[in-house]
Amino acid sequence: MTSRSVYLKQLVYSDLMGLGTAACLSLVVGLGFNAFVSRHPVSLIYQRPYDRVLSAPDTLSASGEPGAVSIVTLQDVQTRLDRSDTLILDAQGRAFFDLGHLPGAISLSRDTFAQDFRTHEKALREPGVTLLVYCSDADCENGALVAQKLMERGFKRILLYPGGFQEWQDAGLPTEASE
Amino acid sequence: MSRPLTRRTVIDIALRLGLAGIFIYAGIAKMANVETFASSIARFELLPEALVNLAALSLPPLEILSGVALLTGPFTRFAAFNLSCLCVLFLGVLLSAAFRRIEVDCSCFGSGSQLPLSQLVIRDLMLLAASSFLYLGAVRRVGAHQSTGRKGADTHKPSGDSIDSEVLSQPDPFGS
C-alpha cells in the first residue's frame with residue numbers, strides 16, 4: 001500500500017471519527033437544550049401534531065362539545081364541500097396553496113395568519129358558519145395550530161381534517177390551483 | 001507581517017463565512033422550533049417515529065457546531081467534512097422524497113420553507129459544492145505539507161491530531 005493511500009485512509013478515518021464525535025456531542029447538547037433551556041420542550045418520542053395538540057389540556061378536544069374542535073374524515077369533508085354554512089380553510093403555506101387546494105378553500109396560512117385573518121375576517125365571522133381547517137397531511141401541524149389560533153379568537157365551530165390535501169388528492173377528488 | 005491575500009484565500013474566507021453563517025442561522029432557527037422540524041422529518045417517512053425527535057434535537061446543534069468550527073482555524077477540515085456529509089444527507093432525503101412524490105416542507109430555516117423541491121435540491125447542491133471545495137482545499141494543504149515536509153512521520157497515528165497540527169501550520173485564510 002502506498003504512503004498516499006495510507007494517508008488518505010487515515011484522513012477519512014480521522015474525519016469520520018470527528019463526525020461521530022460531533023454527532024454525539026450534538027445529541028447531548030440537543031437533549032440538554034430540550035430539557036433545561038427550551039420553552040417548548042418536546043417528548044423524546046415523536047407525536048403527530050394533531051395528536052399533540054388534541055391531547056394538550058385546555059386547548060382542543062375531539063369531543064365535539066361547544067368551544068372544542070372536532071376531527072372530521074374525508075367523507076365528512078365531501079358532504080360539507082358545497083354547503084354554504086361551511087368555510088374551508090387551507091393552512092398550508094401560500095406556495096403550496098397556490099399549487100393546489102380543496103375546491104373553494106381560502107388560504108389561512110400559519111405563517112401569515114394575522115394578515116390572512118384580516119383579509120377574510122368578514123367571511124369567517126358570518127353567523128352560523130362552520131370553519132373547516134386542513135393542511136397537507138397528518139404530519140403537518142399547521143392545521144391544528146391555525147385551529148388553535150381561531151379558538152383563541154373566539155371561534156366555536158371548528159372542524160379539523162387531519163387527512164388534509166394529500167388524502168383528498170390521493171382519493172382522486174377534484175382540486176383547484178391558483179394562478 | 002501580514003500575508004498578501006490570494007484569490008484562493010479570498011474565496012476560502014468568503015465560503016467559510018457564508019457557509020458558517022447559513023448553517024449557524026439554520027441551526028438556531030430549527031432549535032427555536034423543534035416541533036416543526038420534527039414534523040418535517042416525520043413527513044419524509046424515512047425514520048421510525050421513535051427516532052424522529054432525537055434526529056430533530058441533534059441535527060441543529062450539529063449544524064451550529066460545524067458552522068462555528070468552520071470559523072475557527074484548527075477545525076476547518078472537520079467542519080467542512082461534517083457539512084458536506086450533512087448536505088449529502090439532505091440531498092438524499094430530498095431526492096427520495098421527489099422519487100416517492102412526497103410534498104415536502106423542509107423547515108431548513110425553521111419555519112416552513114416554501115421553495116419547490118427543485119430549488120431546494122439546487123440550493124443543497126450549491127452548499128455541497130462550497131463545503132466540498134473547502135474540505136478538498138484543506139485536504140490538499142495537508143497532503144502538500146506531508147509530501148514536502150514530514151512525509152511518513154504521522155502515517156500510523158489514526159487520531160487525526162497530526163493532521164490537525166499540519167493544518168494549523170498552514171497559512172490560515174483568516175490570518176489567525
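If you're wondering where the values come from, they're calculated on a predicted model, not measured in any experiment. We name chains A, B, ... by the order of the sequence lines, and we start the count at 1 in each one.
Heavy atoms closer than 4.5 Å to chain B are found in both the backbone and the side chain of A/Leu16. Residue contact with chain A, scored on non-hydrogen atoms closer than 4.5 Å, involves the backbone and the side chain of B/Leu62 alike. Interface remark: A/Thr21 contributes no atoms to any contact with chain B (heavy atom separation under 4.5 Å).
Scanning all heavy atoms of the two residues, the minimum distance from A/Ser26 to B/Leu65 falls at OG-CD2, 4.0 Å. Shown here for A/Leu44 and B/Asn53, the closest heavy-atom pair between the two residues is O-CB, 3.4 Å. The two residues A/Cys140 and B/Arg43 come nearest to each other via the heavy atoms CA-NH2, 3.2 Å. Nearest heavy atom pair, residue A/Tyr46 against residue B/Glu49, reads CB-O, 3.3 Å. When all heavy atoms of B/Arg77 and A/Ser14 are compared, the pair lying nearest together is NH2-OG, 3.2 Å. Shortest non-hydrogen contact noted between A/Ala22 and B/Asn82 is CB-ND2, 3.6 Å.
Under the 4.5 Å side-chain heavy-atom criterion for grouping Ile, Leu, Val, Met, Phe, Trp and Tyr, B/Ile122 is not connected to B/Leu128 through any hydrophobic cluster. Under the 4.5 Å side-chain heavy-atom criterion for grouping Ile, Leu, Val, Met, Phe, Trp and Tyr, A/Leu173 is connected to A/Ile88 within one hydrophobic cluster. Under the 4.5 Å side-chain contact rule for hydrophobic residues, A/Leu25 and B/Met31 do not share a cluster. Linking Ile, Leu, Val, Met, Phe, Trp and Tyr whenever their side-chain heavy atoms come within less than 4.5 Å leaves A/Phe97 and A/Leu124 in two separate clusters. With hydrophobic clusters built from ILVMFWY side chains whose heavy atoms lie under 4.5 angstrom apart, B/Phe99 does not share a cluster with B/Ile41.
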Legend entry - Stepwise side-chain contact (heavy atoms from CB on, under 4.5 Å) test for B/Val34 and A/Asn34: CA-CA 9 Å; B/Val34 176; A/Asn34 186 54; 5.6 Å; no

Inset, instruction - Begin with the C-alpha distance, continue with both residues' side-chain angles, and end with the deciding distance and a verdict on side-chain contact (heavy atoms from CB on, under 4.5 Å) for A/Asp15 and B/Phe78. - result: CA-CA 6 Å; A/Asp15 289 338; B/Phe78 283 122; 3.4 Å; yes

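Remark: B/Thr36 OG1 to A/Leu145 CG distance equals 7.0 Å, nearest 0.5 Å. Rounded to the nearest 0.5 Å, atoms CD1 (A/Ile45) and CG (B/Leu51) are 8.0 Å apart.
When each of A/Leu27, A/Leu8, A/Leu19 is scored by its heavy-atom pairs under 4.5 Å with chain B, the top score falls to A/Leu19. Among B/Ala79, B/Ser66, B/Pro61, the residue making the largest number of heavy-atom pairs under 4.5 Å with chain A is B/Pro61.
For B/Tyr25, the OH atom counts as loosely surrounded, since its 6.0 Å shell holds 12 or fewer non-hydrogen atoms of other residues, nucleotides or ligands. The environment of CZ in B/Arg7 is sparse: at most 12 heavy-atom neighbours from other residues, nucleotides or ligands sit within 6.0 Å.
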